[in-house]
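None of these values were measured; they are calculated from a predicted model.
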2 protein chains.
Amino acid sequence: MENPPITSYSTVPGVDALVNELIGRVADKWTLLVLEALEENGKTRFSALARAVPGISQKMLTQTLRQMERDGFVHRTVHPVIPPHVDYRLTPLGHGLGEAFCSVWLWAEANLQTVADARADFDARD
Amino acid sequence: MENPPITSYSTVPGVDALVNELIGRVADKWTLLVLEALEENGKTRFSALARAVPGISQKMLTQTLRQMERDGFVHRTVHPVIPPHVDYRLTPLGHGLGEAFCSVWLWAEANLQTVADARADFDARD
DNA sequence: CCGCATCCATTATGATACTG
DNA sequence: CAGTATCATAATGGATGCGG
């Protein structure tokens with residue numbers, strides 16, 4: 001090894017696994033796209049979210065929203081009317097997560113072309 | 001709606017879908033954990049990565065590394081010796097992605113307990 | 001031996017239809 | 001409208017094999 005491996009930023013043992021679990025939960029395609037949709041649109045209905053996140057299935061949207069609700073990122077409000085009306089909004093915790101991901105979003109926009117070029121290069125090599 | 005919906009930070013039409021595709025690629029559990037392992041350890045062997053990313057299968061490690069190589073995040077060096085020796089290191093592009101994700105990592109560490117509490121709350125409610 | 005490709009069981013996801 | 005249930009399909013993990 002060339003560098004002293006930093007296996008943790010924390011001094012508490014066993015935290016690594018927990019952080020990895022949380023990262024694994026949060027670093028999910030649909031979670032991230034739903035988060036962004038809620039960040040952009042504020043309080044949003046289920047059907048509007050389905051439209052705002054292109055390509056997501058109803059099942060994945062439901063499942064993702066449930067996970068995010070359980071993790072405390074999203075607050076779910078049911079209006080007992082007919083037809084049913086349910087809307088979702090970010091909690092402060094969820095908004096904080098969105099802010100943390102903001103730099104990733106900016107990176108993605110800034111490096112779209114670079115990645116495209118790298119792929120073309122790789123595919124051309126073999 | 002309560003806020004003016006910002007559907008894009010970019011002025012170029014059709015870029016949204018491309019950004020979403022890239023986000024989808026990058027917002028992957030294994031990609032992120034491998035990225036972090038490489039960020040922490042620098043140049044790392046395949047077998048060392050397998051150890052550094054607990055729970056990953058060899059197949060997923062291979063697949064994730066190939067994707068990251070194709071996207072230009074990782075450089076792969078093969079030393080033609082016996083036994084074989086292959087190591088991986090981040091490219092500047094990959095390092096930039098790691099920096100972008102740094103805030104997510106810090107957020108995860110800072111909010112571990114909050115999320116745990118939210119989950120306990122949710123599970124207790126029903 | 002190490003890196004990695006391949007086969008197979010298990011799990012996750014998608015498409016569609018249906019209910020309160 | 002907001003889900004749930006059901007079934008087909010794709011992704012993943014585990015074990016094994018193999019070339020260098």
Gap between atoms [atom1] and [atom2], on [X] and [N] respectively (whole Å):
| X | N | atom1 | atom2 | answer |
| --- | --- | --- | --- | --- |
| A:Arg25 | C:dA12 | CZ | P | 11 Å |
| B:Ile82 | D:dC18 | CD1 | P | 17 Å |
| A:Gln63 | C:dG14 | CD | C1' | 12 Å |
| A:Arg76 | D:dA2 | CZ | C1' | 8 Å |
| A:Ile56 | C:dG14 | CD1 | P | 8 Å |
| A:Leu61 | D:dC1 | CG | P | 14 Å |

Applying the side chain to side chain contact (heavy atoms under 4.5 Å, CB included) test to A:Val74, which of A:Arg66, A:Arg89, A:Met68, A:Gln67 qualifies?
A:Met68
By nearest atom, which of the nucleotides [options] is closest to the [X] side chain?
| X | options | answer |
| --- | --- | --- |
| A:Thr62 | D:dG13, D:dG3, C:dG14 | D:dG3 |
| A:Tyr88 | D:dT12, D:dG3, D:dC1 | D:dG3 |
| B:Lys59 | C:dC1, D:dG3, C:dC8 | C:dC8 |

Phosphate OP1/OP2 of C:dG3 contacted by B:Ser47 side-chain N/O (<4.0 Å)
yes
Look at A:Arg66 and D:dA2 and indicate whether a side-chain polar atom (N or O) is within less than 4.0 Å of OP1 or OP2.
no
Check this for me, if you would: do B:Asp123 and B:Arg119 make a salt bridge, where the nitrogen-to-carboxylate-oxygen distance has to be below 4.0 angstrom?
no
Hey, are the side chains of A:Thr44 and A:Asp87 touching, using non-hydrogen atoms and a 4.5 Å cut-off?
no
Given that A:Met60 and B:Pro84 both sit by DNA chain C, which one's nearest nucleotide is further toward the 5' end?
B:Pro84
5′-ward residue of the pair B:Gln58/A:Lys29 relative to DNA chain C:
B:Gln58
Under 3.5 Å side-chain donor-acceptor pair for B:Thr64 and B:Thr31
no
